[in-house]
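Have a look at the structure below, then the notes.
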Amino acid sequence: MLQNAEVFTLTYGSIVRQLISDFEDIEEVNKQLEQMGYNMGIRLVDEFLAKAKITRCSSFRDTADVVAKQALPMFLNVSANVANWSPDQTECSLVLTDNPLADFVELPEEYRELKYCNVLAGVVRGALEMVNMEVECRWVSDMLKGDDCYELRIKLKEHRDEKFPFKDDD
C-alpha cells in the first residue's frame with residue numbers, strides 16, 4: 001500500500017510530465033513549477049505560523065534556520081542544513097541530502113535543463129514574501145543531475161518593514 005508521501009511524489013511527477021507535454025519548452029516548465037510553488041508558499045505560511053508556534057525571527061539568518069529545521073520537516077518530512085553564508089549575511093544555501101519530490105525519478109538526457117524540484121524554490125520565495133522578505137531562490141545542485149546534494153540558494157533582496165492596515169491614533 002502506498003504511503004501519503006509516495007502518492008504525493010507520484011502525483012507531482014505526473015504534474016511535471018503534463019507541464020512538459022503542455023509547454024514543450026523546458027524553461028517555461030521551470031517557470032511554471034516555480035510559480036506553482038510560489039502560489040503554495042503564500043498560502044502555506046499561514047498554516048506554518050499557526051502550527052509552529054514560533055516567535056518573530058529577528059534576522060534573515062534566523063528565518064533560514066526556521067525554514068530548514070521546522071518548515072521543511074513539517075511539510076516535506078525532510079530537514080536541511082543552512083550553509084554557505086555570504087559575508088554580508090544576505091545569501092545562504094539550504095542543503096538537502098534527501099528530497100522526497102525526486103523519489104522514483106530519473107531525468108532523461110533531453111531534460112537536463114529541467115529544474116524538476118523548482119516548486120520548492122517557489123514555495124520558499126512565496127512563504128518568505130508573506131513575512132516581508134523578498135528573496136531570489138535558485139537550485140545550484142541537484143542529485144538528479146549527478147550532484148552530491150540538493151542545494152537551494154536563497155538571496156535576500158529586500159527585508160521590508162511590517163505594514164499595518166490601521167493607524168495608531170492614541
Side-chain angles (χ1 to χ4, degrees), residues 12 16 19 25-102 105 107 112-168:
Y12 180 72
V16 173
L19 287 171
D25 174 35
I26 296 302
E27 193 52 43
E28 184 60 30
V29 172
N30 291 337
K31 288 177 188 174
Q32 292 292 321
L33 289 170
E34 199 276 343
Q35 186 61 46
M36 286 172 53
Y38 173 82
N39 292 337
M40 288 183 220
I42 62 176
R43 288 166 180 80
L44 283 175
V45 74
D46 286 333
E47 183 177 348
F48 173 74
L49 292 173
K51 288 182 177 179
K53 297 178 177 69
I54 61 169
T55 59
R56 180 182 304 268
C57 294
S58 62
S59 67
F60 180 56
R61 187 178 200 98
D62 290 344
T63 303
D65 284 334
V66 167
V67 169
K69 303 297 183 212
Q70 292 180 319
L72 286 175
M74 181 182 289
F75 293 110
L76 273 182
N77 199 28
V78 65
S79 62
N81 293 317
V82 182
N84 305 323
W85 280 97
S86 64
D88 64 359
Q89 303 290 296
T90 61
E91 199 169 344
C92 67
S93 293
L94 294 181
V95 180
L96 296 87
T97 53
D98 185 35
N99 183 346
L101 289 180
V105 175
L107 283 182
R112 293 294 290 167
E113 297 304 313
L114 177 65
K115 297 173 185 168
Y116 185 83
C117 300
N118 217 29
V119 72
L120 292 178
V123 167
V124 170
R125 184 174 69 89
L128 292 182
E129 184 174 298
M130 296 308 293
V131 294
N132 300 314
M133 291 186 183
E134 184 181 342
V135 299
E136 176 185 296
C137 294
R138 63 187 168 82
W139 289 100
V140 294
S141 296
D142 186 342
M143 291 176 76
L144 291 175
K145 296 177 182 180
D147 296 323
D148 293 335
C149 64
Y150 296 97
E151 181 179 349
L152 183 61
R153 192 78 181 151
I154 305 171
K155 179 179 182 176
L156 178 65
K157 293 165 55 175
E158 182 182 5
H159 190 175
R160 295 180 298 278
D161 291 331
E162 197 165 349
K163 294 179 183 170
F164 295 99
F166 55 87
K167 292 182 180 180
D168 189 9

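The shortest heavy-atom contact between Ser93 and Asn84 is OG-ND2, 3.6 Å. When all heavy atoms are compared, the tightest approach of Arg153 to Ala83 is NH1-O, 4.1 Å. What you find for Lys157 and Val135 is that their closest heavy atoms are CD-C, 4.0 Å. Contact record, Pro100 with Val78: CD-CG1, 4.1 Å, taken as the closest heavy-atom pair. Closest heavy-atom contact between Leu107 and Lys145: CD1-CE, 4.1 Å. When all heavy atoms of Val140 and Asp147 are compared, the pair lying nearest together is O-OD2, 4.3 Å.
Interatomic distance, Lys155 NZ to Glu134 CD, rounded to the nearest 0.5 Å: 11.0 Å. Atoms CD and CZ, on Glu151 and Arg138 in that order, are 8.5 Å from each other to the nearest 0.5 Å. Note that OG of Ser141 is 10.5 Å distant from CG of Leu152, once rounded to the nearest 0.5 Å. For the atom pair CE (Met74) and CZ (Phe48), the distance works out to 5.5 Å, reported to the nearest 0.5 Å. Rounding to the nearest 0.5 Å gives a distance of 13.0 Å between OG1 of Thr90 and CD of Glu158. Note that the CD atom of Glu28 and the CG atom of Leu19 stand 9.5 Å from one another [nearest 0.5 Å].
In this structure the side chain of Phe60 never reaches within 4.5 angstrom of the side chain of His159, judged on heavy atoms. At least one side-chain heavy atom of Val16 sits less than 4.5 Å from a side-chain heavy atom of Leu114. Here the side chains of Ser79 and Leu72 are not in contact, with every heavy-atom distance at 4.5 Å or above. Met143 is not listed as a side-chain neighbour of Asn99, based on a closest heavy-atom distance of 4.5 Å or more. Contact annotation: the side chain of Tyr150 approaches that of Asp142 to within less than 4.5 Å [non-hydrogen atoms, C-beta and beyond]. Two residues are said to be in side-chain contact when any heavy atoms from C-beta on lie closer than 4.5 Å; Leu128 and Val67 meet this criterion.
Counting only N and O atoms by type, the side chains of Asn30 and Glu34 include no donor and acceptor under 3.5 Å apart.
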Test side-chain contact (heavy atoms from CB on, under 4.5 Å) on Leu76 and Leu120 and set out the steps. CA-CA 10 Å; Leu76 273 182; Leu120 292 178; 3.5 Å; yes
Run the side-chain contact (heavy atoms from CB on, under 4.5 Å) test on Leu33 and Lys115 for me, step by step, so that the C-alpha distance in whole Å, both residues' side-chain angles and the decisive distance to 0.1 Å come before the verdict. CA-CA 8 Å; Leu33 289 170; Lys115 297 173 185 168; 6.0 Å; no
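In Asp88, the CG atom is crowded: over 12 heavy atoms of neighbouring residues, nucleotides or ligands sit closer than 6.0 Å. Other residues, nucleotides and ligands contribute only 12 or fewer heavy atoms inside 6.0 Å of the CD atom of Glu113.
With hydrogens and angles ignored, the 3.5 Å screen pairs a side-chain donor or acceptor of Ser86 with a backbone N or O of Glu91.
Ring geometry, Tyr116 versus Tyr12: the interplanar angle exceeds 60°, so the pair is classed perpendicular (tilted spans 30 to 60°).
Listed by chain and number, the residues in a side chain to side chain donor-acceptor pair (under 3.5 Å) with Asp25 amount to none (sequence neighbours excluded).
Legend: salt bridge (charged side-chain N to carboxylate O under 4.0 Å, His left out) pairs involving residues 37-50, not counting sequence neighbours, sorted by first then second residue: Glu47-Lys51. The stretch residues 63-73 participates, sequence neighbours left out, in these side-chain hydrogen bond (donor to acceptor under 3.5 Å, both in side chains) pairs: Lys69-Asn81.
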